[in-house]
Amino acid sequence: MSKNILILPGDGIGPEIMAEAVKVLELLKAEGEALNWSFGLLGGAAVDAEGHPYPQSTQTAARAADAILMGAVGGPKYDDLPRELRPERGILGIRKDLALFANLRPALAYEALAAASSFKPEIIAGLDILILRELTGDIYFGQPRGRRTNADGEDEGFDTMHYARSEIERIGHVAFQAAQKRSKRLCSVDKENVLDTSRLWREVMIGLSSQYPDVELTHMYVDNAAMQLVKRPKQFDVMVTGNIFGDILSDEASMLGGSIGMLPSASLDVNNKGLYEPIHGSAPDIMGQNKANPLATVLSVAMMFKYSFDRPDVSGRIEAAVKAVLQAGHRTGDIAMPGEQVIGTREMGAAFLAAMTGG
Ligand code: NAD
């Protein structure tokens, strides 16, 4: 059955990087893949056209799609809008609407780019970690929360860390299954020595592990995980953790490889329907200048084939072509070392397509 993809280019460099990703879809379709796609509005572009960052037309199309490919949203033009109309509300809106609770963030260090990282090459060369962050629970959403004046008349702020067993189980299943698709090692990160929420988290992960006897489950406290990620990052394969710990660790890990223009991400629902997007923003400083690196968006297409379409062959082919392009020395400005020749968005897209077709 044909796969139906909704494409949301968004703002800033979004349309430029998406144009290159669409060429990948066109190539795959021309080769016989059953793919269809349509375009929709999200973020500032949607505010301009329809007065809302996640308009009804996009909601309808997103609910009907098998997967969604997004560029990036936001820009200075929208900074003074009221909070509910800000472009980022469009992303939060679509995540909530589609119940996308599992955030998958690979952290990769390509051999060819090892010199561009601030880490020693031997620490990060060949690094390939997948961090799974629970996205819809934890202290970011727990109740009660708020501000109040205590009995001594002092101002207080308070939040509630909260996870229900079912919320931990569903992210746990995604994590074990992701580990099965990789090297079958899963590290669950918590703060079990201090937090009751983490005690439940660990108990649930251990309980689930009997359903995945082929996956080796280990546990690590979050403070140690933050340290180990910079000390010996290659010890990790798949990591799973809650919303707040995952927020911090996935950003930390993304910097190991050195470039924001190279990293994709996915947010999945219980049926593996997903929203795929590069981790970077709309880069208004380089928009319209043919400078943006399209590879994070191209790698988001690879993740879509791996996780929503269950086609590791296609995702592997895309990932191999990205490696080949880097190995051949093609560099956009964000990944170039001083003295290296810099090419533009369209030229990088063309080099990638040539690598896909063996050129
Ligand atoms: P950013 O990621 O857009 O840019 C940070 C720096 O990285 C800039 O110098 C930019 O030129 C560079 N960069 C980013 N992507 C690149 C690429 N593909 N190729 C080459 N260089 C790239 O972050 P920011 O500047 O903090 O935010 C800009 C706007 O993006 C803001 O409006 C912010 O709210 C929004 N934003 C959106 C998302 C999203 O859509 N998911 C994420 C983060 C920020």
Side-chain angles (χ1 to χ4, degrees), residues 7-21 24 40-48 53-54 58 62 68-96 98 100 103-106 108 110 113 116-118 133 135 247-248 250-251 254-255 257-267 274-301 303 322 325-326 330-337 340 342-349 351-352:
I7 297 179
L8 304 171
D11 310 317
I13 59 168
E16 298 166 59
I17 51 179
M18 196 55 81
E20 302 311 313
V24 182
L41 295 166
L42 189 79
V47 172
D48 288 342
Y54 182 44
T58 305
I68 297 136
L69 188 61
M70 194 190 102
V73 303
K77 179 179 169 192
Y78 308 104
D79 283 351
D80 296 330
L81 285 174
R83 198 141 78 119
E84 66 280 8
L85 291 182
R86 295 283 293 269
E88 305 78 48
R89 301 298 287 193
I91 304 184
L92 294 177
I94 194 168
R95 281 183 182 157
K96 184 156 186 272
L98 302 182
L100 305 173
N103 188 224
L104 281 68
R105 290 259 304 251
L108 289 159
Y110 293 92
L113 298 181
S117 168
S118 42
R133 166 188 170 195
L135 210 52
D247 191 359
I248 298 162
S250 62
D251 266 13
S254 70
M255 282 299 98
S259 174
I260 200 168
M262 292 296 305
L263 291 173
S265 73
S267 304
L275 171 73
Y276 297 85
E277 54 176 315
I279 68 158
H280 61 71
S282 59
D285 54 329
I286 55 168
M287 81 177 263
Q289 298 170 40
N290 193 37
K291 284 184 176 169
N293 184 348
L295 293 180
T297 315
V298 166
L299 288 164
S300 301
V301 174
M303 284 192 91
V322 166
V325 159
L326 298 176
H330 299 293
R331 301 283 186 271
T332 43
D334 59 312
I335 51 175
M337 295 293 285
E340 280 184 326
V342 170
I343 60 172
T345 310
R346 289 188 291 275
E347 292 70 29
M348 184 59 107
F352 172 78

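Whatever order the structure lists ligands and atoms in, that order sets their numbers, starting from 1. Keep in mind the model is a prediction, meaning the values are calculated, not measured.
- The closest side-chain heavy-atom distance from Lys77 to Asp48 is below 4.5 Å.
- For the pair Ser267 and Asn103, the tightest heavy-atom approach, listed with the atom from each and the gap, is OG-ND2, 3.2 Å.
- The number of heavy-atom neighbours closer than 6.0 Å to CG of Asp80, taken from other residues, nucleotides and ligands shown, is 12 or below.
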Which side-chain N or O atoms in residues 280-298 pair as donor and acceptor under 3.5 Å with protein atoms at least two apart or in another chain?
residue: Ser282; atom: OG; partner: Gly74; partner atom: O; Å: 2.7
residue: Gln289; atom: OE1; partner: Lys291; partner atom: NZ; Å: 3.1
residue: Gln289; atom: NE2; partner: Asp285; partner atom: O; Å: 3.1
residue: Asn290; atom: OD1; partner: Thr345; partner atom: N; Å: 3.0
residue: Asn290; atom: OD1; partner: Arg346; partner atom: N; Å: 3.0
residue: Asn290; atom: ND2; partner: Glu347; partner atom: OE1; Å: 3.1
residue: Asn293; atom: OD1; partner: Leu295; partner atom: N; Å: 2.9
residue: Asn293; atom: ND2; partner: Gly261; partner atom: O; Å: 3.3
residue: Asn293; atom: ND2; partner: Thr332; partner atom: OG1; Å: 3.3
residue: Asn293; atom: ND2; partner: Asp334; partner atom: OD2; Å: 3.1

Name each N or O atom in ligand 1 that is under 3.5 Å from a protein N or O, and give the partner atom and the distance.
residue: ligand 1; atom: 2 (O); partner: Gly281; partner atom: N; Å: 2.7
residue: ligand 1; atom: 3 (O); partner: Gly281; partner atom: N; Å: 3.4
residue: ligand 1; atom: 3 (O); partner: Ser282; partner atom: N; Å: 3.2
residue: ligand 1; atom: 3 (O); partner: Ala283; partner atom: N; Å: 2.8
residue: ligand 1; atom: 9 (O); partner: Asp285; partner atom: OD2; Å: 3.0
residue: ligand 1; atom: 11 (O); partner: Asp285; partner atom: OD1; Å: 2.9
residue: ligand 1; atom: 11 (O); partner: Asp285; partner atom: OD2; Å: 3.0
residue: ligand 1; atom: 15 (N); partner: His280; partner atom: ND1; Å: 3.3
residue: ligand 1; atom: 18 (N); partner: His280; partner atom: NE2; Å: 3.1
residue: ligand 1; atom: 18 (N); partner: Asn293; partner atom: O; Å: 3.1
residue: ligand 1; atom: 19 (N); partner: Asn293; partner atom: N; Å: 2.9
residue: ligand 1; atom: 30 (O); partner: Ser282; partner atom: N; Å: 3.1
residue: ligand 1; atom: 30 (O); partner: Ser282; partner atom: OG; Å: 3.2
residue: ligand 1; atom: 32 (O); partner: Gly75; partner atom: N; Å: 3.1
residue: ligand 1; atom: 34 (O); partner: Glu88; partner atom: OE2; Å: 3.4
residue: ligand 1; atom: 40 (O); partner: Val73; partner atom: N; Å: 2.9
residue: ligand 1; atom: 41 (N); partner: Glu277; partner atom: OE1; Å: 3.3

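- Ser250 and Arg105 make their closest contact through O-NH2, 3.2 Å (heavy atoms, listed as atom of the first residue, atom of the second, distance).
- Annotation: side chain of Glu340 is not in contact with side chain of Val342 (no heavy-atom distance under 4.5 Å).
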